[in-house]
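Hydrogens, waters and symmetry mates play no part in the numbers below; they use all other heavy atoms, side chains included.
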Amino acid sequence: MRRQLKLWLVALGLCLGLAGGLAFPTTTTHAAASRRVLIVYDAINPTVNGQQKLAAVQRILASLNLPTQTERLSDYQAGQLTDKAYQGVVTLNNWPQGRLTNAAFLRDRRQFTGRQLHIGSGLDAQEARKFGARRETLYHQQFVLRERQNWQLLPFSTDLTLLTSLPHGTQTFGTLATQATSLPDHAYGVVRGRSGYLPYLMPNGFSLTVASRTIAALFGQTRTYRPLLTITHVTPYTNLRLLQQLGRRLAKAGIPFAVSTTSVAENTSYRAFKRFAAVLRELETENGVILLQAPVVGAADRKSGQILEQQLVGQLNQLGQRQVLPVGVSAPAYWNQDKLFRRYGLQRASLVVLLPNPATTTFAQQDNLGNQYPQTWYGVSLRSFQTVQQSAQLRWSVPTALTVPMVDSAKELTATARQVTAQTIDWYDPSQQLTTRLDSASATFKYDHGAYFLNGRQIAVNASSVALPQFNPQRKNHVTLKGYFRVQGWILWIFFILVTVVLVGFIVVGRRIYRRMFFNRSKR
């Protein structure tokens, strides 16, 4: 009897173990294919636009197809920066007067053998020795940034730490010259071996192009790109007549373009939305492409992912029914630093345009892990290049979307058209170069060198096209784990059945044992 009881206990243990293993499955996390670049910043310091500078670094690295991790200097933990964990480190100094330090970070950075980039003042002697150069600080100067035959006058700077006596073989990018003839010129971007230095960083303008080329060279990338003209701030409530006229003027000038627009998933049967879709459809036929812009986030939490997915999928489906097929997604830069916004928003597209951040950023689940996408474009205002004196074409070292805001009047329309057509820029032409893919819950949009595909079938985009496959606009909330919980329910049923069988077995065996004990006593 004791042997039978042990066997039943073993069987119960196996059942419990099996049920537990099924009910709580373990997952293995695979390491990323490429190591991240660690961005360490001392402070945001809004007085010098520190948030914009930090976002600029994140966007440049994302455009270079480099995943990142952002860490505040005060939060850095000893031993975090290792060659095994990271391929590079960026030190961003936004507040030189704060003199913030972290001994653990300085020690780990000295031992780190990956690529190192320092941006801003605070370059210490150990970092300068890697360049084989001397440091020199200039105070209260106004510099002119020059490269090739192009130059731009910069705002006054309180102090700037520059490198002098650079050894032979050092790569330099751009030249900083002062109005004082007695002062020599200095290099702006410096790269020597695995070390790079930028005395300052601006998120737009001529400095951005030179800085991005410096960073690209540091990480071994020398490719050049053509910028994509992108019209932003387009909504279903935009003056559609002006949008239509702007598209026609650009098409007449032979300038390809993109339109970054928000949309809606409800009330799409109204005439106003049909008119909105018709104008976008016309722009697609005029060598324009459509980018679905992420919605404005007013409030968010960790439960916002399902709502975001429902909105974007609904918008894509409603646009797709009307032959408006977006080729990618545009969003503020901070979306790439949020786990939920990436998962339910950015990761559905192979083309992502990262735009400047708004004044207020609202996160759902911030993790400061910038992901890489097949194509990531840096969105920067075309207006920031107005003061560049050009004698040669600018060189773009990262995929760049030059943005112009949607106009509100005929006067602004004329000014914008003149500004764009006056540029000596070799514009990026999506119909000649672009291939993208964008996934909805019920459809796959593909763009391939001017041809549109929906679920693998080519679509002719014009007013007389055949009707597209109908999607369900009243799509229910997509719950990612609903299949998981359905399986869990079956597992629990099986578990309870097994437990019931074991308990019944215990009752039967116990009854037999009790009866035999009773009969043995009665015989005595």
Side-chain angles (χ1 to χ4, degrees), residues 37-62 68-77 80-81 88-106 108-109 116-124 127-128 135-143 145 152 154-163 176 188-190 196-208 210-212 214-215 332-338 354-363 366-370 378-381 384:
V37 176
L38 180 64
I39 304 173
V40 180
Y41 67 98
D42 55 352
I44 292 298
N45 195 7
T47 59
V48 295
N49 299 320
Q51 179 62 57
Q52 297 179 23
K53 294 179 182 178
L54 176 60
V57 176
Q58 294 168 338
R59 288 195 288 160
I60 290 174
L61 293 174
T68 61
Q69 177 181 341
T70 303
E71 196 85 47
R72 186 187 289 268
L73 180 63
S74 58
D75 296 333
Y76 178 86
Q77 302 294 322
Q80 182 176 343
L81 179 61
V89 59
V90 178
T91 305
L92 176 61
N93 190 294
N94 279 329
W95 192 20
Q97 294 81 8
R99 301 185 181 279
L100 301 176
T101 60
N102 185 320
F105 172 68
L106 297 179
D108 292 343
R109 189 179 62 182
Q116 301 186 32
L117 173 66
H118 189 110
I119 301 176
S121 57
L123 186 77
D124 61 29
E127 290 177 292
R135 295 173 296 170
E136 181 179 356
T137 303
L138 300 181
Y139 300 93
H140 305 287
Q141 296 288 337
Q142 186 172 26
F143 292 91
L145 176 61
Q152 185 176 35
L154 305 176
F156 274 96
S157 61
T158 55
D159 62 88
L160 216 58
T161 301
L162 303 173
L163 293 176
L176 291 172
Y188 169 56
V190 179
Y197 177 59
L198 291 168
Y200 71 90
L201 176 67
M202 296 180 66
N204 50 39
F206 187 39
S207 293
L208 173 66
V210 185
S212 61
T214 304
I215 299 174
Y334 79 93
W335 273 52
N336 199 31
Q337 307 297 316
D338 189 287
L354 295 179
L355 300 171
N357 283 331
T360 302
T361 55
T362 303
F363 290 90
Q366 182 179 4
D367 60 3
N368 294 322
L369 297 177
Y378 188 109
V380 59
S381 171
S384 65

What verdict does the side chain to side chain contact (heavy atoms under 4.5 Å, CB included) test give for F156 and Q141, after you've listed the backbone C-alpha separation in whole Å, the side-chain angles of each residue and the deciding distance to 0.1 Å?
CA-CA 6 Å; F156 274 96; Q141 296 288 337; over 6 Å; no

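- Looking only at side-chain heavy atoms (C-beta outward), L38 and Y76 come within less than 4.5 Å of each other.
- N45 contributes a side-chain N or O that, together with a main-chain N or O of N94, makes up a donor-acceptor pair within less than 3.5 Å.
- Judged purely by atom type and a 3.5 angstrom limit, Q116 has no side-chain atom pairing as donor or acceptor with the backbone of G196.
- Ring-plane geometry between F363 and Y334 is classed as perpendicular, the angle between the planes exceeding 60 degrees on a 0 to 90 degree scale with a lower cut at 30.
- At least one side-chain heavy atom of R135 sits under 4.5 Å from a side-chain heavy atom of L163.
- Looking at R59, its side chain never comes within 3.5 Å of a backbone N or O of A333 through a donor-acceptor pair.
- Minimum heavy-atom separation, I44 to Q51: CD1-OE1, 3.5 Å.
- For the residue pair T68 and Q337, the shortest heavy atom distance occurs at OG1-NE2, 4.4 Å.
- Across D159 and S121, no two heavy atoms sit closer than the pair OD1-CB, 4.4 Å.
- The nearest pair of heavy atoms linking A62 to N336 is CB-ND2, 4.3 Å.
- Between I215 and L61 there is a side-chain heavy-atom pair separated by less than 4.5 Å.
- Residues L208 and I60 are in side-chain contact: their nearest non-hydrogen atoms beyond the backbone lie under 4.5 Å apart.
- Here the shortest heavy-atom pairing between S157 and F143 reads OG-CE1, 3.5 Å.
- Pairing each heavy atom of S384 with each of N204, the nearest pair is OG-CB, 3.5 Å.
- In this structure, the side chains of L176 and L145 come closer than 4.5 Å at one or more pairs of heavy atoms.
- Using a 30° and 60° split on the angle between ring planes, Y188 and Y200 fall in the tilted class, from 30° to 60°.
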